[in-house]
J.: 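Dumping the structure here so I can ask a few things about it.
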Amino acid sequence: MEDALTPTHRQVPDKPTVDGLEERWTNQWDKEKIYRFNRDATRESVFSIDTPPPTVSGSLHIGHVFSYTHPDVVARFWRMRGKDVFYPMGWDDNGLPTERRVENFYGVRCDPALPYDPKYRPPEKPGKNKVSISRKNFVELCVELTATDEVAFKNLWRAIGVSVDWGFEYSTISKEAQTVSQRGFLQMLTRGEVYSAEAPTLWDIDFRTAVSQAELEDRERPGAYHRVAFDRADNAGTVDVDTTRPELLASCVALVAHPEDERYRPLLGTSVVTPLFGVEVPILAHELADPEKGTGIAMICTFGDTTDVVWWRELNLPTRAFIGRDGRFLPADFADDGWSVRDAELAQEFYDREMLNKTVNQARAGIVDALRSTGALIGDVREITHPVKFYEKGERPLEIVTSRQWFVRTLEHRDELLARGEELRWHPDYMRHRYRSWVEGLNVDWNISRQRFFGVPFPAWYPVDENGEIDFDHLMLAHDEDLPVDPSSDVPAGFTEDQRGVPGGFVGDPDVMDTWATSSLSPQIAGQWGTELFQRVFPMDLRPQAHDIIRTWLFATIVRSHFQFDSLPFSDTLISGFILDPDRKKMSKSIGNTVTPMPLIEQFGADALRYWAAGGRPGADTAFDEGQLKIGRRLGIKILNASKFVLGRLDDAEIPAPSEVTEPIDLDLLAMLAKLITAATDDYENYDYARALERSESFFWSFCDDYVELVKIRAYGEDDTAPRRSARATLAITLSVLQRLFAPIMPFVTDEVWHWWHQHSVHAAPWPTLQELPTLEVSGAGSTYGPVCEVLEAIRRAKSSAKVSQRAEVASVMVRAPAPFLASVALCQEDLMAAGGVATLTTREETELSVEVVLADSQSIGSQ
RNA sequence: GGGCGCUUAGCUCAGUUGGUUAGAGCAGCUGAUUUACACUCAGCAGGUCGGGGGUUCGAGUCCCUCAGCGCCCA
């Protein structure tokens, strides 16, 4: 500890500059391996960070600088506090965003039916029409492109001084991540936490994949209410139903009204007949039916939306799902036993003519015409705007199709998951509400299978029976020691490749895992689950992330850790806000208001960007402000110059010890410094780096402008006197502390100035403590400094209003004030007179404070 | 519809448990200027703390209510 703080030399450049510090110190840190994790560390001494792996297929923007600076600042603080900081870095490269980027970048499309071409190269420029290539070729291109993307990301991370240990770099498509992911899956399966089922699934008809509840978003879309008359089965009249989706009439399995709704109560338990198809369906009651909506009675179809799924499940209704994976209507058989249909032949004929193979929109047009001509459509169609569920990356409304998917049981663990959310420490605390309302609102289990290509495959195969049918009930799983496996090229135990897809043989599970199913294991991947490392770093200390992925990444990570380890995956989470453009709009590629960071680093310096980022408090959306970059740059320059000034004059002798601080003003400054250390340390421990910065910054500017000005004549005088030694010791101590307080936020400039008088990096130096200071009475801190500065200000004000130089001579100063104030001034009288160029200073005890300043060669100027 | 956050100087934001005259930076204005720093320094000006009501000796801060903005969930 002591050694790292003891100055070894003084070597101050003539013209210090903040330009070029990034490359110099980044290289030096690499060389000295400052950020390398100590693998022998015990869990107690470790501070581990569950770094967010960014989506590398996205574009780099200023938001990355913002959100990655925050955990880095925290990491640097704890490193200086003596923790063994485990700070890995990952890249999230699997998943749909990468597939889309590859499709557009190369002009290709994956067709799993095509054979692999080992010599395939994509066209130089993407053509107008996408070229179909095999799955393996497609995946190879994904791997290739993400590798170059990752280099660009890594360059930025290094440029802004993110202090990760690059020895722990991972990517979510790597073999290691796939192994962890498949192992996690197999163990969930063993414990019964995951299941596969043929079930209603949220489905994007363009991407041809299932999506999960977390990937939904509502979009306002035009729609129309159609009032449709259903004949009562007893012919006692009609029941009118408003619907926005008349094309689902064939899938109608019931009508539903609220149990308390007097209008429909008498009808509960009776039946109606669907128009056009003549299918008899019951009228049922359910709380979710909204009496205010339309006529107050709704059609339940399998499946128009997620409410239909709830009704279908809770009311035990039959399934008549006809929308296929391409969004077109599938064949229906009205002669089937499950139907209670008046005239099956007529229904079949109508369906086959107006519905079969049609898109949703085409079928709707046909149905509406037919309803109108039969008189079942009541009144006019009423156009409305209503929220429609979309896949967040999709372009057309989601459909709900029935398909076989893998689900994680989240619903039945809702209460435990809510409790985990309460257990977690959130910064800021109010972000816990986001998690709670998400978990409370879950209505389907977490679907983790995607019908896509670039992802982690499910380590499973199914037997094919003698008739060529897939037997989903007799799953064949990979063995742990064989992981990772790809069931599309690997073969299950006891089979050979030539048995693939033939009767009596097998097929591999065709799907890949949702990207969150892998990234939710980031602590296991980064911490190398299964090795000795894992016990040293898990559960992690900190999960930093943005608030938009609380319902996905944070939630999913908690689910996995709760199941696997019966614990939280991390004790604290630090939620960062979004970056807004200067007009306070969210930055996004589509609006075109994103800001590219690299040119800003060149213009202002990485420290300036970090300064701006560190000003954003946890959770607060922050506007991008170039003005803040200028101020950050200015602060960096000031740190250089102040350090140069202090150290440049201390190069001819030893720096006096703390015990040699004897002058009251010096002791008072150190008392204030002690308060600053305590407060800033407290701020950092509570993840309030912004406040720590603010305190340090304001102390630093006062130190430069007031304290240094006050003592510079005493400190740099000719004779080696006790007052001179007192000032020199104070300057050295304060500078040392301030350089370290700024180090987490401005790592480049602080390491530059630290090396002017120390051998090793400031980032390996200990965090400042009160033990470094002389013994002090802290409670009255500022009682001398404050009054002295007030008099100094009065002198400056007098000079400023007389429009003369601050160096102008002052003939006399008269201070009138209460006794304690005068006593403080007296303690620092010589410094004050020297700093102000004052010839004579007199005091008089009075209740009101006033300072009278008489400039040399001038009129008396009074001021208060 | 439910929830969360925000609303303080022209702009960006601090303001810890209610307690002197509400702070900072930027921008503006007035000046200074060779001995650390023009990427500087000093000074000035600028606010009925979103509106209304309440609790209190005392409210930017606590309570109620209204309005606007943003986000989350349904």
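Proteins come first, then strands; the chains are lettered A, B, ... in the order of their sequence lines, and each starts at number 1. Remember, predicted model here, so these are calculated numbers, not experimental data.
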J.: State which residues pass side chain to side chain donor-acceptor pair (under 3.5 Å) with A/Arg414; sequence neighbours excluded, sorted by chain then number.
T.: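 Not a single residue meets the side chain to side chain donor-acceptor pair (under 3.5 Å) criterion with A/Arg414.
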J.: Restricting both atoms to N or O, compile the protein contacts to nucleotides 23-31 of chain B shorter than 3.5 Å, with distance only.
T.:
from	atom 1	to	atom 2	distance (Å)
B/C26	OP1	A/Arg634	NH2	3.2

J.: Quick one: A/Glu694 CD to B/C13 P, roughly how many Å, whole number?
T.: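 The answer, rounded to whole Å, is 13 Å.
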J.: If I pick the P atom on B/A45 and the same atom on B/A22, what distance separates them, to the nearest angstrom?
T.: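 Roughly 14 Å separates the two P atoms.
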J.: Pull out every stem in RNA chain B, meaning runs of 3 or more consecutive Watson-Crick or G-U wobble pairs with both distances under 3.5 Å.
T.: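 Stem list for RNA chain B: B:1-7 with B:67-73, B:10-13 with B:23-26, B:28-32 with B:40-44, B:50-54 with B:62-66.
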J.: May I ask you to decide whether A/Asp682 forms a salt bridge with A/Arg691, counting only side-chain N to carboxylate O separations under 4.0 Å?
T.: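 Not counted as a salt bridge, because no side-chain N and carboxylate O are separated by less than 4.0 Å.
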J.: Can you work out whether A/Ala620 or A/Leu442 has the more 5'-proximal nearest nucleotide on RNA chain B?
T.: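 The residue whose closest nucleotide sits nearer the 5' end is A/Ala620.
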J.: If I take atom NE2 in residue A/His547 and atom C1' in nucleotide B/C6, what distance separates them, rounded to the nearest angstrom?
T.: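 Result: 12 Å.
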J.: Report which part of the nucleic acid A/Asp705 touches: base, sugar-phosphate, or nothing (heavy-atom distance under 4.0 Å, all strands).
T.: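 The residue A/Asp705 makes sugar-phosphate contact but no base contact.
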J.: Does a salt bridge link A/Arg436 with A/Glu422, judged by any charged N lying under 4.0 Å from a carboxylate O?
T.: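 Salt bridge present between A/Arg436 and A/Glu422.
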J.: Using the C1' atom in both, what is the distance from B/G47 to B/C62, to the nearest Å?
T.: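 Pairwise C1' distance, B/G47 against B/C62, rounds to 23 Å.
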J.: I want to check one thing: is the phosphate of B/A14, taken as OP1 and OP2, less than 4.0 Å away from some side-chain N or O of A/Arg691?
T.: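 No, because none of the side-chain N or O atoms of A/Arg691 sits under 4.0 Å from OP1 or OP2 of B/A14.
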J.: Taking atom P of B/G15 as reference, at what distance in whole Å does atom CG of A/Asp683 sit?
T.: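 Distance, rounded to whole Å: 11 Å.
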J.: What's the CZ-P distance between A/Arg695 and B/G15, to the nearest Å?
T.: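 It works out to 10 Å between those atoms.
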J.: Taking CZ from A/Arg796 and P from B/C41, how many angstroms apart are they, rounded to a whole number?
T.: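 Checked: the CZ to P distance equals 11 Å.
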J.: Applying side chain to side chain contact (heavy atoms under 4.5 Å, CB included), name anything that partners A/Arg543, two or more places apart in sequence or on another chain.
T.: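 For A/Arg543 the side chain to side chain contact (heavy atoms under 4.5 Å, CB included) partners, ignoring immediate neighbours, are A/Asp50, A/Ser522, A/Gln545, A/Trp553, A/Leu554, A/Thr557, A/Phe570, A/Thr573.
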J.: For A/His758, which residues count as a ring-ring contact (aromatic ring centres under 6.0 Å, His included) partner, sequence neighbours excluded?
T.: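 With neighbours one apart ignored, the set is A/Trp754.
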J.: Using the P atom in both, what is the distance from B/C63 to B/C6, to the nearest Å?
T.: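 Here B/C63 and B/C6 have their P atoms 12 Å from each other.
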J.: In whole Å, I'd like the distance from the CD atom of A/Glu440 to the C1' atom of B/C73.
T.: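 Checked: the CD to C1' distance equals 10 Å.
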J.: So A/Phe578 and A/His547, ring-ring contact (aromatic ring centres under 6.0 Å, His included) or not? Walk me through it.
T.: CA-CA 8 Å; A/Phe578 282 145; A/His547 54 66; 4.4 Å; yes
J.: On a heavy-atom basis, which atom in A/Thr750 and which in A/Val753 lie closest, and how many Å separate them?
T.: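 A/Thr750 and A/Val753 have their closest heavy atoms at O-CG2, 3.3 Å.
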J.: Rounded to whole angstrom units, what separation is found between the CG atom of A/Asp548 and the P atom of B/G5?
T.: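 Answer to the nearest Å: 19 Å.
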J.: For B/A42, does either OP1 or OP2 sit under 4.0 Å from a side-chain N or O belonging to A/Arg797?
T.: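 Answer is no, no contact under 4.0 Å.
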J.: Between B/A9 and B/G51, how far apart are the two P atoms, rounded to whole Å?
T.: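 The same atom, P, in both gives a distance of 11 Å.
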J.: Using OP1 and OP2 only, check whether a side-chain N or O of A/Lys389 sits under 4.0 Å from B/C73.
T.: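 The answer is no; no side-chain N or O of A/Lys389 sits under 4.0 Å from OP1 or OP2.
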J.: Take A/Arg740 and A/Ser736, measure what side chain to side chain donor-acceptor pair (under 3.5 Å) needs, and give me the verdict at the end.
T.: CA-CA 6 Å; A/Arg740 282 175 287 149; A/Ser736 167; 2.8 Å; yes
J.: Considering only the C1' atoms, how many Å lie between B/G60 and B/C49, rounded to the nearest integer?
T.: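 Their C1' atoms lie roughly 5 Å apart.
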J.: Do A/Trp756 and A/Gln739 have side-chain N/O donor and acceptor atoms under 3.5 Å apart?
T.: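 No, no side-chain donor-acceptor pair sits under 3.5 Å.
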J.: Mind checking A/Arg617 for me? I need base, sugar-phosphate or nothing, with any heavy atom below 4.0 Å counting as a touch.
T.: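 Sugar-phosphate: the residue A/Arg617, judged by heavy atoms under 4.0 Å, touches backbone atoms but no base.
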J.: Taking atom P in both B/G28 and B/C11, what distance in whole Å separates the two?
T.: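 Those two atoms are separated by 15 Å.
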J.: Mind checking if A/Glu709 touches a base, just sugar-phosphate, or nothing, with heavy atoms under 4.0 Å?
T.: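 Here A/Glu709 touches the bases of the nucleic acid.
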J.: Is the phosphate of B/C71 approached by A/Arg434 (side-chain N or O, under 4.0 Å from OP1 or OP2)?
T.: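 Answer is no, no contact under 4.0 Å.
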J.: Expressed as a whole number of Å, how far does the C1' atom of B/A59 sit from that of B/G19?
T.: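 That atom pair is separated by 10 Å.
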J.: In terms of the nearest nucleotide of RNA chain B, which residue is placed more toward the 5' end: A/His433 or A/Asp218?
T.: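 Looking at the nearest nucleotide for each, A/His433 comes out on the 5' side.
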J.: Specify whether A/Tyr684 and A/Phe77 have parallel, tilted or perpendicular ring planes, treating 30° as the upper limit for parallel and 60° as the lower limit for perpendicular.
T.: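 Geometry flag for A/Phe77 against A/Tyr684: parallel rings.
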J.: On a whole-Å scale, what distance lies between the C1' atoms belonging to B/C64 and B/C26?
T.: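 Straight-line distance between the two C1' atoms is 38 Å.
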J.: Base, sugar-phosphate or nothing for A/Glu793? Non-hydrogen atoms, less than 4.0 Å.
T.: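 Sugar-phosphate contact only - A/Glu793 comes under 4.0 Å of backbone atoms but never of a base.
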J.: Between atom CH2 in A/Trp612 and atom P in B/C13, what is the gap in whole Å?
T.: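 The answer, rounded to whole Å, is 12 Å.
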J.: Could I get the full list of salt bridge (Lys or Arg N to Asp or Glu O under 4.0 Å) partners for A/Glu809, not counting sequence neighbours?
T.: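 Testing A/Glu809 for salt bridge (Lys or Arg N to Asp or Glu O under 4.0 Å), a comparison that skips the adjacent residues, returns none.
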